[in-house]
Novice: 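Mind looking over this structure? Questions follow.
In this chain, numbering begins with 1 at the start of the sequence shown.
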Amino acid sequence: MRVNHQIRSATLRVIDNSGEQLGVLTKQEALKAAEEAGLDLVEVSPTADPPVARIVDWGKFNYQRMKQLQKTKRNTKVQELKQMRYGLKIGSHDLEVKNGKVCSFLKDGHKVRITVVYRGRELAHRELGYKLLDRVIETIGIEVVKEHEPQFAGKQLSVVVRSSNAKVKDA
């Protein structure tokens, strides 16, 4: 944001401290009006035609703007993509432990990529990986939504899931 003499435009649409429009003024007239009020001239919309400037206390205006930015930053939730890898020969207890972790990720609102890793001759039995994925999704205990159908890439079969009650955000 440009303040006072940093403003480049020759004409400005000026708004005074109370929020009333003073109209389109030259830069010198606007600076004089701000000086008479004992405040600063701040360019709030440089892309408008003509650019919009406000007569405000710059310190107070900047402080309020920074606080608003901090508040919006604090309220945004970052959704991470977690990953859990399974082998085809996984034991029942290991499966329960991994499912518990997946469940906690989903409860925290994260998306989870569930990956089944094939080793050696296991590639000859791809259907076992699909069955394992179905079993994992069924035993998680939370209602999940598949982002896409399971995809086979290289020696891995993967699917991304999210909790059905999680809010969907468009990226």
Side-chain angles (χ1 to χ4, degrees), residues 1-4 6-9 13 15 19 40 42-49 51-54 56-171:
M1 286 193 166
R2 297 185 188 114
V3 182
N4 294 331
Q6 295 174 348
I7 298 172
R8 297 181 186 147
S9 180
R13 181 171 305 279
I15 302 171
D40 298 303
V42 179
E43 189 177 39
V44 291
S45 181
T47 57
D49 187 32
V52 179
R54 289 192 71 153
V56 293
D57 180 7
W58 170 244
K60 184 177 179 182
F61 179 77
N62 195 33
Y63 176 78
Q64 289 173 340
R65 194 179 62 130
M66 294 304 288
K67 283 297 181 185
Q68 184 64 33
L69 288 173
Q70 287 175 350
K71 185 178 179 183
T72 57
K73 186 176 180 181
R74 181 174 44 233
N75 290 340
T76 59
K77 184 176 181 183
V78 177
Q79 188 179 48
E80 290 183 43
L81 179 65
K82 304 288 188 175
Q83 180 171 343
M84 190 59 64
R85 295 169 53 116
Y86 294 84
L88 281 181
K89 298 177 186 174
I90 190 166
S92 61
H93 183 262
D94 293 338
L95 187 66
E96 289 174 20
V97 171
K98 287 184 181 250
N99 287 350
K101 280 303 270 185
V102 169
C103 192
S104 68
F105 290 151
L106 291 171
K107 283 181 182 173
D108 290 342
H110 301 292
K111 291 182 180 180
V112 181
R113 174 178 284 130
I114 300 173
T115 305
V116 177
V117 181
Y118 292 87
R119 291 185 179 87
R121 293 185 177 179
E122 293 174 349
L123 280 170
H125 301 284
R126 290 184 179 184
E127 72 280 355
L128 295 178
Y130 287 97
K131 288 180 183 177
L132 178 61
L133 272 181
D134 291 339
R135 198 167 105 205
V136 166
I137 291 172
E138 186 180 302
T139 59
I140 286 176
I142 298 177
E143 291 212 17
V144 296
V145 175
K146 293 180 188 177
E147 293 281 312
H148 54 78
E149 288 302 311
Q151 295 176 334
F152 200 86
K155 294 185 175 185
Q156 296 181 344
L157 176 67
S158 63
V159 66
V160 177
V161 296
R162 63 177 167 81
S163 177
S164 63
N165 59 6
K167 292 180 182 175
V168 178
K169 291 187 179 179
D170 294 328

Novice: Once you round to the nearest 0.5 Å, how far does CG of L88 lie from CZ of R126?
Specialist: 12.0 Å

Novice: Go through the structure and list residues passing ring-ring contact (aromatic ring centres under 6.0 Å, His included) with F152, not counting sequence neighbours.
Specialist: Y118

Novice: Could you grab the distance from atom NZ of K155 to atom OG1 of T115, nearest 0.5 Å is fine?
Specialist: 15.5 Å

Novice: Tell me whether K82 contacts the main-chain N or O of V102 through its side chain, where contact means a donor paired with an acceptor under 3.5 Å.
Specialist: no

Novice: Any non-hydrogen side-chain atom of L95 less than 4.5 Å from a side-chain atom of L132?
Specialist: yes

Novice: Return yes if some donor-acceptor pair links the side-chain N/O of Q156 with the main-chain N/O of A153 below 3.5 Å, else return no.
Specialist: no

Novice: Does atom CZ (R135) have a neighbourhood of more than 12 heavy atoms from anything else shown, all under 6.0 Å?
Specialist: no

Novice: How far apart are the closest heavy atoms of I137 and K146, and which atoms are they?
Specialist: CD1-CE, 3.6 Å

Novice: Let me confirm one number: the CZ-CD1 distance from R2 to I7, rounded to the nearest 0.5 Å.
Specialist: 8.5 Å

Novice: If I compare all heavy atoms of V160 with all of R113, which pair ends up nearest, and what's the gap?
Specialist: CG2-NE, 4.0 Å

Novice: Output the distance between atom CD (Q83) and atom OG (S158), rounded to the nearest 0.5 Å.
Specialist: 7.5 Å

Novice: Please determine which of V56, V44, V52 meets the side chain to side chain contact (heavy atoms under 4.5 Å, CB included) test together with I15.
Specialist: V52

Novice: When you measure from the side chain of S164 to the backbone N and O of E143, does any donor-acceptor pair fall under 3.5 Å?
Specialist: yes

Novice: Give the minimum heavy-atom separation between P51 and E43, together with the two atoms involved.
Specialist: CB-OE2, 3.6 Å

Novice: Nearest heavy-atom pair of R85 and V117: which atoms, and what distance?
Specialist: NH2-CG2, 3.5 Å

Novice: Hey, what do you get for CG (L128) to CG (L157), rounding to the nearest 0.5 Å?
Specialist: 11.0 Å

Novice: Keeping to residues at least two apart or across chains, list the ring-ring contact (aromatic ring centres under 6.0 Å, His included) pairs with something in residues 61-112.
Specialist: none

Novice: Just to verify, what does K131 make a side-chain contact (heavy atoms from CB on, under 4.5 Å) with, not counting sequence neighbours?
Specialist: none

Novice: Atom CE of M84 and atom NZ of K101: how far apart are they, to the nearest 0.5 Å?
Specialist: 6.5 Å

